[in-house]
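Below you'll find the structure, written out as structure tokens, and then a few comments.
All chains are named by letter (A, B, ...) in the order of the sequence lines, taking the proteins before the strands, and each is independently numbered beginning at 1.
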Amino acid sequence: MRELPPLSEPCFGFYATPFGECCMAFSNDGICALTFPEDRDRGWADLQSRFPGVDFKRNDTKVAAYVRQIFGKGKRPVVHPIGTDFQLSVWEALQNIPAGKTTTYAQIADVIGRPKAVRAVGTAIGANPIVYLIPCHRVIRTDGSLGGYRWGLECKKAMLAYEKR
DNA sequence: ATAAAGGCCACCC
DNA sequence: GGGTGGCCTTTAT
């Protein structure tokens with residue numbers, strides 16, 4: 001992982017969404033993490049591994065407000081993903097997939113100009129820190145099968161169904 | 001510096 | 001459906 005930028009007023013929390021309870025974290029007043037862990041311990045552990053040593057303050061109220069904005073009629077909040085140049089280019093490409101559509105790991109590799117790096121694209125997508133807003137769930141395998149999902153295939157299925165039509 | 005582990009793909013059976 | 005070899009990045013030795 002590259003060196004982390006300073007996080008001002010870092011905070012995090014948990015809140016219910018249409019896809020189960022999410023774990024969300026903020027840096028510099030923007031979202032730096034959005035995940036759907038099986039339980040809160042895992043959510044916290046994931047956050048610690050992504051941002052070692054950062055002292056996030058618990059703030060479920062703030063998370064609740066953002067959940068309403070994201071899954072209600074609110075405008076899309078700004079995302080602040082942190083990663084390597086390769087990861088950022090992959091996550092950037094994901095944001096151009098329209099809702100209700102899917103693409104493949106190989107197509108993403110083409111879009112970022114690294115057609116041979118399909119395997120690495122899969123790994124980078126698995127490391128997506130801000131799921132749903134950076135729609136890694138819209139990426140499936142070339143053969144049409146679903147592929148994997150860091151937070152459980154049921155979650156991926158639910159998101160795709162939610163966006164269908 | 002090197003090894004091991006990945007949300008993959010093409011190809012074979 | 002399953003297994004193999006190749007590919008590339010990241011993380012941990």
Side-chain angles (χ1 to χ4, degrees), chain A residues 1-7 10 12 14 16-25 27 30-56 67 70-71 76-77 79-165:
Chain A
M1 183 69 79
R2 76 160 41 163
E3 191 174 337
L4 300 178
L7 303 180
F12 83 109
F14 303 95
T17 78
F19 311 112
E21 187 175 80
C22 74
C23 175
M24 198 184 294
S27 68
I31 297 178
C32 65
L34 172 58
T35 62
F36 289 87
E38 267 183 43
D39 55 60
R40 295 182 173 187
D41 283 347
R42 295 192 198 198
W44 174 246
D46 175 75
L47 213 50
Q48 292 290 45
S49 66
R50 291 181 193 277
F51 307 101
V54 175
D55 179 31
F56 290 98
V67 165
I70 293 167
F71 299 100
R76 186 180 190 281
V79 297
H80 289 158
I82 295 166
T84 64
D85 289 341
F86 180 81
Q87 288 170 331
L88 291 173
S89 73
V90 170
W91 300 339
E92 181 67 32
L94 296 183
Q95 299 184 56
N96 293 324
I97 314 168
K101 298 278 194 175
T102 60
T103 186
T104 68
Y105 296 95
Q107 287 182 47
I108 295 294
D110 283 338
V111 165
I112 65 171
R114 303 293 307 282
K116 304 288 215 150
V118 192
R119 191 79 151 78
V121 163
T123 306
I125 290 178
N128 174 20
I130 310 174
V131 304
Y132 190 73
L133 291 175
I134 298 178
C136 55
H137 58 283
R138 297 180 193 146
V139 187
I140 65 177
R141 280 188 175 232
T142 298
D143 67 6
S145 60
L146 206 51
Y149 196 72
R150 169 80 179 279
W151 308 108
L153 276 180
E154 290 310 313
C155 195
K156 187 172 187 173
K157 287 185 200 168
M159 286 179 182
L160 290 172
Y162 183 81
E163 292 183 344
K164 261 310 189 193
R165 115 199 98 274

### Nucleic acid contacts - residues 120-153 of chain A versus DNA chain C, non-hydrogen atoms under 4.0 Å
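A120(A), in order of number.
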### Contact list for DNA chain C against residues 105-116 of chain A - heavy-atom distance below 4.0 Å
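Correct list: R114(A), K116(A).
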Side-chain donor-acceptor pairs under 3.5 Å in residues 108-124 of chain A, sequence neighbours left out?
residue : atom : partner : partner atom : Å
T123(A) : OG1  : R119(A) : O            : 3.2

### Query
So which of I130(A), V90(A), L94(A) actually passes side chain to side chain contact (heavy atoms under 4.5 Å, CB included) with C136(A)?
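Answer after filtering I130(A), V90(A), L94(A): L94(A).
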Heavy-atom side-chain proximity of [X] to [Y] below 4.5 angstrom:
{"X": "I97(A)", "Y": "Q107(A)", "answer": "no"}
{"X": "I82(A)", "Y": "P129(A)", "answer": "no"}
{"X": "H137(A)", "Y": "V131(A)", "answer": "no"}

### Task
For DNA chain B, list all stems, counting runs of three or more consecutive pairs where every pair is Watson-Crick or G-U wobble with both distances under 3.5 Å.
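The stems are B:1-6 with C:8-13, B:8-13 with C:1-6.
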### Task
Not counting sequence neighbours, list each pair that qualifies as a salt bridge (Lys or Arg N to Asp or Glu O under 4.0 Å) and has a residue in residues 147-159 of chain A.
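Salt bridge (Lys or Arg N to Asp or Glu O under 4.0 Å) check on residues 147-159 of chain A returns D46(A)-R150(A), E154(A)-K157(A).
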### Query
Can the ring centroids of F36(A) and Y132(A) be said to lie less than 6.0 angstrom from one another?
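Ring centroids of F36(A) and Y132(A) are no less than 6.0 Å from each other.
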### Message
Ignoring hydrogens and geometry beyond distance, is the side chain of R119(A) in donor-acceptor contact with the base of dC8(C) at under 3.5 Å?
### Response
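Per atom types, no contact qualifies.
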### Query
So how far is it from C32(A) SG to F56(A) CZ, rounded to the nearest 0.5 Å?
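Those atoms lie 4.5 Å apart.
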### Message
I'd like to check the salt bridge (charged side-chain N to carboxylate O under 4.0 Å, His left out) partners of R141(A); sequence neighbours left out, ordered by chain and number.
### Response
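With neighbours one apart ignored, the set is empty.
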